[in-house]
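Heavy-atom basis, side chains included; hydrogens, waters and symmetry copies ignored. Quick caveat: nothing in here was measured; it's all calculated off a predicted structure. Letters A, B, ... mirror the listed sequences (proteins, then strands); counts begin at 1.
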Amino acid sequence: MPQIAPSLHRDPAPSADKRLSNTEIAHQLTTLAQLLASAGENPFKIKAYRRAATTVQSLPESVHELVQSDADLTAFAGIGKGIAGAIREIVQSGNLRMLDRLKANVSPELAALSEFPRLDPKRVQQIYRKLGISSVSALREKLDAGEIGRLLGPRLEHHVRQALITSHELLLHDVDDIAAAAEDFLRQRGGAKRVEAAGDFRRRVEVIRELNFVIQTDDFAPVVDELQRYGGHSELVRADAERATVRLPIGILLTVELATTARWGLALLLATGAEAHFGALEAAGHDLAKLARSRQRFPTEESVYAALGLPVIPPELREGLDEVARAEADDLPRLVALTDLRGDLHMHTTASDGAHSIEQMAAAAKERGYRYIGIADHSQSLKIAGGLSEEALWGQIRRIDKINEKLDGIRVLKSAEVDIRIDGTLDYPDELLRELDYTVCSIHSRFGLSREQQTERILRAMDNEHFTILGHATGRLLLRRPGYQIDLERIIAQAQARRCTFEINASPDRLDLSAAHARLAREAGLKIAINTDAHSTRELDFMRCGVDVARRAGLTKKDVLNCLTLPQVVKALT
DNA sequence: GCCGTTTTCGGCCCGACTGTTTTCAGTCG
């Protein structure tokens with residue numbers, strides 16, 4: 001079929017032809033970062049370009065338009081004068097001279113690698129040499145054939161796989177800001193009259209692939225049009241008269257569903273999920289599908305659940321576990337809330353790898369309404385994190401006593417994040433551990449032990465009478481690293497026998513215990529701590545993420561150790 | 001290259017251990 005000549009009716013302005021999306025601009029910045037990395041440039045400079053690229057990808061506004069309207073790009077985090085200039089050059093000329101120069105100076109295979117921002121050029125060149133290949137397509141073939149794993153080991157294989165597959169998942173904590181921006185966008189640019197988040201995000205699932213909103217508007221088509229302009233351009237994945245999905249520049253999907261006032265509650269419930277929850281409702285004889293077919297009004301979720309003869313089930317519990325049975329028995333838990341927390345039992349200070357002093361952490365905690373905090377700096381064997389020597393911990397104990405004399409309204413508890421050594425012994429002698437109010441004991445080494453060995457290691461550690469809380473029980477890092485293998489049921493049984501407990505580590509990439517694990521611990525009757533593991537005053541705000549997990553696990557404030565008052569917690573810890 | 005409750009320079013972890021690709025790169029917080 002012959003090419004059709006461009007229509008003469010169209011706007012002929014050449015500069016308007018190619019409007020770069022934020023994705024394309026960010027891509028140039030990450031490509032540049034890759035080439036700088038290959039050229040052995042200053043790592044901080046490389047990081048700066050990567051960070052700026054992420055910022056560009058996260059913006060709902062079109063950076064192209066921002067440049068054209070002469071907006072100040074340096075107002076955005078991680079974009080200073082230099083990178084703002086680079087972005088302007090990309091938008092105005094379509095390319096970046098520095099990038100072209102660097103490309104011209106490297107071999108074609110290295111230049112090709114720069115298209116894959118997460119591929120480490122050094123490691124790939126190593127693979128190229130050993131396998132006698134020189135292209136990304138060959139690399140992909142070798143990966144698929146299992147040769148990289150077989151010849152070069154699982155770690156390199158993992159690296160290549162991660163780098164070649166574009167990530168379409170984000171941590172819940174990172175999506176919080178994106179969801180807020182998307183909601184604004186839908187109201188202001190889309191003209192939506194009412195917007196409410198649903199889906200996994202509303203159920204507070206720890207990793208998000210798709211962001212869902214239910215919206216109300218008189219005209220859905222302009223919303224769909226506008227969504228495709230999100231971040232300059234967002235690819236339309238699917239759309240019909242009442243539902244549209246785009247892929248945002250940052251990688252995750254955004255789905256918007258139209259609802260009326262009369263059916264708002266039903267639409268919200270259906271968009272919130274999870275499928276397993278609907279399955280559990282159906283299995284218990286609650287015919288949600290019939291309600292959906294009816295002409296009845298369901299303006300709120302309350303009205304939907306009421307029609308099913310049930311109280312409202314909190315979104316965090318809608319996973320098809322025991323929530324429907326508990327709702328039927330009028331036995332839904334009153335889930336723990338952020339305001340129920342009275343303290344935080346795991347944080348670091350400048351004594352090890354934290355950014356703030358004991359006094360600063362205490363002041364910041366007091367501002368958040370806490371009555372106590374526990375300082376749990378790293379122990380001596382964790383050199384990289386500046387773990388405290390025995391002498392240093394003795395000194396910190398004395399210092400905390402002095403600080404407590406001066407503090408008003410908040411008490412600092414003495415603790416340490418004590419390494420569980422390979423043989424299951426703790427990283428400080430008993431006579432020192434005895435001086436602490438409690439301990440957080442964690443594994444920070446030898447993740448590769450077998451399930452049996454790792455479990456034994458923790459069980460042995462719990463034999464120590466000074467063991468109080470198991471820190472980040474599995475060591476997982478979401479989207480980066482699976483945890484080490486443990487037999488949690490045996491460890492829970494030992495915790496019951498030895499009067500130990502667990503924490504939900506609220507660090508957004510840990511969330512460890514997971515909701516499923518926290519549920520098991522709760523069912524065993526253990527009181528679980530929700531701890532931020534904060535390394536700065538700002539990270540005390542991670543508590544919200546831990547509370548999300550606790551709620552998904554069905555925890556009430558009675559199940560949470562640091563919902564106790566100061567006298568109660570002191571008693572519970574002795 | 002960015003940034004500032006250590007603000008216009010000098011920071012932005014980094015240091016010991018692990019384990020096999022057996023000699024240094026990856027990994028822990």
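Taking atom P in both B:dC13 and B:dC3, one finds a spacing of 14 Å when rounded to whole Å. Here the separation of B:dT6 from B:dC12, taken at their C1' atoms, is 13 Å to the nearest Å. For the P atoms, the distance linking B:dG26 with B:dT20 amounts to 15 Å, nearest Å. Taking atom C1' in both B:dG1 and B:dT5, the straight-line distance is 23 Å, to the nearest Å. Using P as the reference atom, B:dT21 and B:dT27 are 13 Å apart when rounded to the nearest Å. When the C1' atom is used for both B:dT7 and B:dC2, the distance is 13 Å, rounded to whole Å.
When DNA chain B is scanned in the 5' to 3' direction for atoms under 4.0 Å from non-hydrogen atoms of chain A, the outermost contacting nucleotides are B:dG1 to B:dG29.
Comment: A:E24 does not engage A:R19 in a salt bridge, judged by the lack of any side-chain N to carboxylate O separation of less than 4.0 angstrom. Using a 4.0 Å cut-off between a side-chain N of Lys or Arg and a carboxylate O of Asp or Glu, A:D541 and A:R368 qualify as a salt bridge. With respect to the salt-bridge test (charged N to carboxylate O, under 4.0 angstrom), the residues A:R140 and A:D144 do not qualify. Ion pair A:R480/A:D509 flagged as a salt bridge, since at least one NZ, NE, NH1 or NH2 atom sits closer than 4.0 Å to an Asp/Glu carboxylate oxygen. Under 4.0 Å is where a charged nitrogen must lie from a carboxylate oxygen, and between A:R510 and A:E206 no such pair does. Checked for salt-bridge contact, A:K414 and A:E435 miss the test: no charged N lies under 4.0 Å from a carboxylate O.
Across all strands, A:I384 comes closer than 4.0 Å to base atoms (heavy-atom distances). Contact annotation for A:H378: backbone-only contact, meaning every heavy-atom pair under 4.0 Å involves sugar-phosphate atoms and none involves a base. Nucleic acid contact class of A:R481 (heavy atoms, under 4.0 Å, all strands): sugar-phosphate only.
Ring centroids of A:H466 and A:Y428 are separated by 6.0 Å or more, keeping the two rings apart.
Here the side chain of A:T468 pairs a donor or acceptor atom with the backbone of A:T439 at under 3.5 angstrom. Judged by distance alone, the side chain of A:Q57 and the main-chain N or O of A:I25 form no donor-acceptor pair under 3.5 Å.
B:dG19: Watson-Crick or G-U partner is B:dC24, with both key distances under 3.5 Å.
Comparing A:L477 and A:Q360 against DNA chain B, the residue whose closest nucleotide sits nearer the 5' end is A:Q360.
Proximity of residues 42-53 of chain A to DNA chain B (heavy atom under 4.0 angstrom from any strand atom) is restricted to A:N42, A:F44, A:K45, A:K47, A:A48, A:Y49.
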